[in-house]
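This report refers to the structure that appears directly beneath it.
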Amino acid sequence: MPNPPLEPPFPTSLPPSYKRVPQTPPSKLLSSPRRSTPRVPVAFELIGAPTRGLGIPMRELVVRSGGALERMIVDANEPVGYLMSGSLGIRKVSLKIMVISNLAALFSELWPDVIIQWPGYDHVDWSHCLDLFSSAGPVTRGELAVQIATAFSAYVAQMAAQTPSPNVAGWRLGSSSAGGMAFERLVLIALWNTCDDHWMAEVYIDSR
């Protein structure tokens with residue numbers, strides 16, 4: 001069996017109406033030499049899905065109880081927080097939008113982060129903290145999925161009040177009734193290691 005890919009696009013069986021959010025890591029990040037080998041992506045799959053690569057609708061992650069999520073997510077109880085904690089064993093990670101003017105700060109940080117590069121909003125500064133460890137140990141796949149979905153829910157709500165760059169207005173965030181892309185349409189596929197301790201969420205959106 002071939003090794004899974006370490007970066008997008010990941011194999012997916014989503015229908016054509018689902019579009020991949022074209023998030024690209026900052027070029028300065030990609031051009032810098034790696035200090036560590038790429039880590040295996042954290043994939044998110046539904047139990048009982050007809051095929052692999054369908055991901056998990058984020059709306060389901062924020063409304064269901066922990067017990068329901070355990071019965072819904074493949075390997076929901078598998079500890080994964082340690083995969084992202086870096087050499088220092090960091091217990092929290094910053095989920096952030098990387099504004100171009102802040103890229104220098106990105107390389108001076110000693111803790112991991114998860115970057116959001118939603119098209120048209122790279123001029124807006126935003127961050128959200130994710131826990132990598134709980135009192136029980138490293139967070140599980142299911143717990144991490146919920147944290148990512150909760151962060152994206154807050155992100156979409158805040159960005160709905162912002163004006164995206166005109167050249168990518170088609171990716172405007174907000175309610176569907178207002179012509180925007182609503183949180184309820186987001187699907188979480190994976191979390192992947194862009195470089196060293198920097199990560200990005202692989203997200204699709206239902207464009208129907």
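Along the sequence shown, the residues carry numbers beginning at 1. Everything quoted here is computed from the prediction, not taken from an experiment.
For the pair Leu46/Glu60, no side-chain contact is recorded, criterion being any heavy-atom separation below 4.5 Å from C-beta on. Between Val156 and Leu186 there is a side-chain heavy-atom pair separated by less than 4.5 Å. Under the 4.5 Å side-chain criterion, counting only non-hydrogen atoms from C-beta, Arg172 is not in contact with Trp118. Looking only at side-chain heavy atoms (C-beta outward), Tyr18 and Thr12 stay at 4.5 Å or farther from each other. The shortest side-chain heavy-atom distance between Trp192 and Pro8 falls under the 4.5 Å cut-off. A heavy-atom distance below 4.5 Å is found between the side chains of Leu144 and Phe44. Side-chain contact check for Val187 versus Asp206: every heavy-atom pair is 4.5 Å or farther apart. Two residues are said to be in side-chain contact when any heavy atoms from C-beta on lie closer than 4.5 Å; Ile189 and Leu14 meet this criterion.
The CZ atom of Phe10 lies 8.5 Å from the CZ atom of Arg20; values are rounded to the nearest 0.5 Å. For the atom pair CD of Glu70 and CG of Asn77, the computed distance is 4.0 Å after rounding to the nearest 0.5 Å. Arg59 contributes atom CZ, which lies 13.0 Å from atom OG of Ser153 (distance to the nearest 0.5 angstrom). Between Ser65 atom OG and Met72 atom CE the span is 9.5 Å, to the nearest 0.5 Å. To the nearest 0.5 Å, atoms CD (Gln23) and CH2 (Trp171) are separated by 9.5 Å. Between atom CD1 of residue Ile73 and atom OG1 of residue Thr140 there is a gap of 8.0 Å, rounded to the nearest 0.5 Å.
Here salt bridge (Lys or Arg N to Asp or Glu O under 4.0 Å) pairs that include residues 135-164, with residues two or more places apart or in two chains, are Glu78-Arg141. The list of side chain to side chain donor-acceptor pair (under 3.5 Å) pairs with a residue in residues 156-170, not counting sequence neighbours, reads Trp126-Gln158.
In terms of heavy-atom proximity, Ala160 sits nearest to Gly174 at CB-CA, 3.8 Å. Across all their heavy atoms, Pro138 and Gly81 have their closest contact at CB-N, 4.0 Å. Of all heavy-atom pairs spanning Val139 and Gln147, the tightest one is CG1-NE2, 4.0 Å. The two atoms that bring Pro119 and Val168 nearest to each other are C-CG2, 3.7 Å, heavy atoms only.
Grouping the Ile, Leu, Val, Met, Phe, Trp and Tyr side chains by contacts below 4.5 angstrom, directly or via other members, places Leu54 apart from Ile56. One hydrophobic cluster, built from ILVMFWY side chains closer than 4.5 Å, cannot hold both Tyr204 and Ile148; they sit in different ones.
Looking at Glu45, its side chain never comes within 3.5 Å of a backbone N or O of Arg52 through a donor-acceptor pair.
In this structure, Ile47 belongs to a hydrophobic cluster whose other members, linked by side-chain heavy atoms under 4.5 Å apart, are Val74.
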